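Here's the structure we're looking at; comments come further down.
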Amino acid sequence: MSQLPASPSPSAGPEEQWNTWRAERVRALTAPTGNLALVETRWLPAGEEADADAVRAGLPDTVTVTTLSRTDLVTGAPEHGLRLWDADSPAIAHFEGVETFPYDPSWVLEADYTPVPGARRVAFEHLRDNGGTRDLVVPGDITLTVDGRAYTLSAFDDDGTLLLVFGDPTNGDTTYGAGRFLFVQRTDDDSRVVLDFNRAFVPPCGFSDQYNCPMPPRQNRFHLPVHAGEKRPVFRDGFAAQH
């Protein structure tokens with residue numbers, strides 16, 4: 001679902017590691033199959049299989065074609081699709097960077113993590129499903145107290161990594177309107193995790209309207225502004241952001 005940049009050297013200080021993360025993040029966004037390169041998501045008719053090689057034939061060398069699948073919300077049947085990525089996309093050509101809050105160590109929070117036996121699934125509304133929901137595997141509960149209020153957060157399993165989709169009052173004001181993403185950091189203690197909100201990031205749908213991103217469920221919405229992490233993408237020459 002999301003691109004996880006390479007981890008900085010653990011010997012560096014926290015702010016230096018964060019600066020390295022920011023640089024890796026820009027490299028990932030502008031890569032040939034980065035978020036900014038996605039120019040088309042093409043869902044095929046029911047029962048039709050995706051043939052990336054056939055679609056790739058005749059396209060410019062800058063274009064990469066990949067396949068993907070999902071479950072139809074109405075029938076429950078598998079759907080197959082294709083994605084076209086262009087290393088010379090207009091979004092990459094006009095991309096200037098991602099506006100980001102200054103590093104703030106007070107937004108590095110430890111939390112309790114309680115695994116839940118079995119494959120518990122939680123309904124997440126997605127941006128392009130017109131109010132429909134898709135069930136995602138949430139393997140445990142993350143509990144913490146922020147500004148005197150207790151939260152039990154739901155982070156879903158994103159290819160073996162816990163991904164938190166969260167919202168806060170900055171959304172639509174100074175940060176991306178549909179919420180932000182954060183990879184949850186495991187610790188040596190299986191019952192503890194770290195939420196470094198300095199590494200909160202704009203979801204893929206903030207860079208290309210060809211993504212269908214999950215939105216924050218009610219339990220993942222903070223009552224206070226989270227002034228940490230990425231705000232919004234910045235483009236030059238009047239190029240409009242995707243959202």
Side-chain angles (χ1 to χ4, degrees), residues 1-5 18 21-41 64 66 68 70 81 83-103 107 124-134 136 153 155-156 158-159 161-184 195-217 220-222 225-243:
M1 167 139 342
S2 306
Q3 295 164 323
L4 181 60
W18 176 71
W21 172 82
R22 290 181 62 200
E24 291 290 343
R25 171 85 172 133
V26 170
R27 280 191 282 271
L29 289 169
T30 57
T33 55
N35 292 166
L36 290 160
L38 185 60
V39 294
E40 182 180 356
T41 298
T64 299
T66 60
L68 74 163
R70 67 181 182 185
R83 274 184 167 162
L84 278 67
W85 318 74
D86 189 352
D88 286 342
S89 73
I92 290 177
H94 292 88
F95 181 63
E96 200 164 73
V98 183
E99 189 179 8
T100 308
F101 289 104
Y103 181 79
W107 276 109
F124 282 77
E125 184 179 347
H126 282 60
L127 191 63
R128 306 198 177 282
D129 285 347
N130 297 315
T133 60
R134 298 179 184 272
L136 302 176
L153 308 175
F156 63 84
D158 182 42
D159 294 329
T161 302
L162 291 177
L163 178 61
L164 179 68
V165 181
F166 74 95
D168 72 277
T170 68
N171 299 152
D173 180 16
T174 55
T175 64
Y176 180 64
R180 291 181 287 168
F181 287 5
L182 177 66
F183 286 110
V184 178
L195 304 176
D196 184 353
F197 286 94
N198 294 287
R199 301 191 187 198
F201 60 96
V202 176
C205 48
F207 299 93
S208 170
D209 58 10
Q210 297 299 307
Y211 287 100
N212 187 21
C213 294
M215 298 176 67
N220 288 5
R221 297 182 181 274
F222 292 95
V226 179
H227 290 136
E230 292 184 349
K231 297 179 181 180
R232 290 173 173 161
V234 179
F235 298 91
R236 65 175 68 88
D237 301 329
F239 185 83
Q242 298 299 328
H243 302 284

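Each residue takes its place number in the sequence, starting with 1. Heavy atoms only: backbone and side chains are in, while hydrogens, waters and symmetry mates are out. All values derive from a computational prediction rather than experimental measurement.
When atom types are taken as modelled, the side chain of E230 and the backbone of V202 share a donor-acceptor pair closer than 3.5 angstrom. Checked by atom type and distance alone, the side chain of T170 never pairs as donor or acceptor with a backbone atom of T175 at under 3.5 Å. At distances below 3.5 Å, at least one donor-acceptor pair connects side-chain atoms of R221 with backbone N or O atoms of P216. Checked by atom type and distance alone, the side chain of R236 pairs as donor or acceptor with a backbone atom of A93 at under 3.5 Å. Under the 3.5 Å distance criterion, the side-chain polar atoms of N35 are left unmatched by any main-chain donor or acceptor of F207. Between the T30 side chain and the I92 main chain, no donor and acceptor come within less than 3.5 Å of each other. Under the 3.5 Å distance criterion, the side-chain polar atoms of R232 are left unmatched by any main-chain donor or acceptor of G206.
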**Prompt:** Please walk me through it: do V98 and R22 pass side chain to side chain contact (heavy atoms under 4.5 Å, CB included)?
**Reply:** CA-CA 9 Å; V98 183; R22 290 181 62 200; over 6 Å; no
**Message:** For a side chain to side chain contact (heavy atoms under 4.5 Å, CB included) check, start with the C-alpha distance between L127 and M215, then their side-chain angles and the critical distance, and finish with the verdict.
**Reply:** CA-CA 6 Å; L127 191 63; M215 298 176 67; 4.0 Å; yes
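The two residues A200 and A228 come nearest to each other via the heavy atoms CB-O, 4.3 Å. Taking each heavy atom of N198 and P102 in turn, the nearest pair found is OD1-O, 4.0 Å. Shown here for T100 and G229, the closest heavy-atom pair between the two residues is CG2-O, 3.2 Å. Counting all heavy atoms, side chain and backbone alike, S89 lies closest to V39 at CB-CG1, 3.8 Å. Taking both residues in full, the closest heavy atoms of N171 and G177 are given as CB-O, 3.5 Å, listed atom of the first, atom of the second, then distance. Among all heavy-atom pairs drawn from D196 and L182, the shortest one is O-CD1, 3.1 Å.
Taken from CG in D86 to OG1 in T64, the straight-line distance is 8.5 Å, to the nearest 0.5 Å. For the atom pair OH of Y176 and CZ of F181, the computed distance is 8.5 Å after rounding to the nearest 0.5 Å. A distance of 5.5 Å separates CG in D158 from CZ in F183, rounded to the nearest 0.5 Å. The distance from atom CG of N212 to atom OG1 of T41, rounded to the nearest 0.5 Å, is 9.0 Å. A distance of 4.0 Å separates CD of E24 from CZ of R27, quoted to the nearest 0.5 Å. L163 CG to F156 CZ: the interatomic distance, rounded to the nearest 0.5 Å, is 4.0 Å.
The closest side-chain heavy-atom distance from L136 to H126 is below 4.5 Å. Residues D168 and R180 meet the side-chain proximity criterion, which asks for heavy atoms closer than 4.5 Å.
Annotation: F95 is not in aromatic contact with F239 [ring centroid separation under 6.0 Å not met].
Ring geometry for H227 against F101 counts as tilted: the plane angle lies between 30° and 60°, on a 0 to 90° scale.
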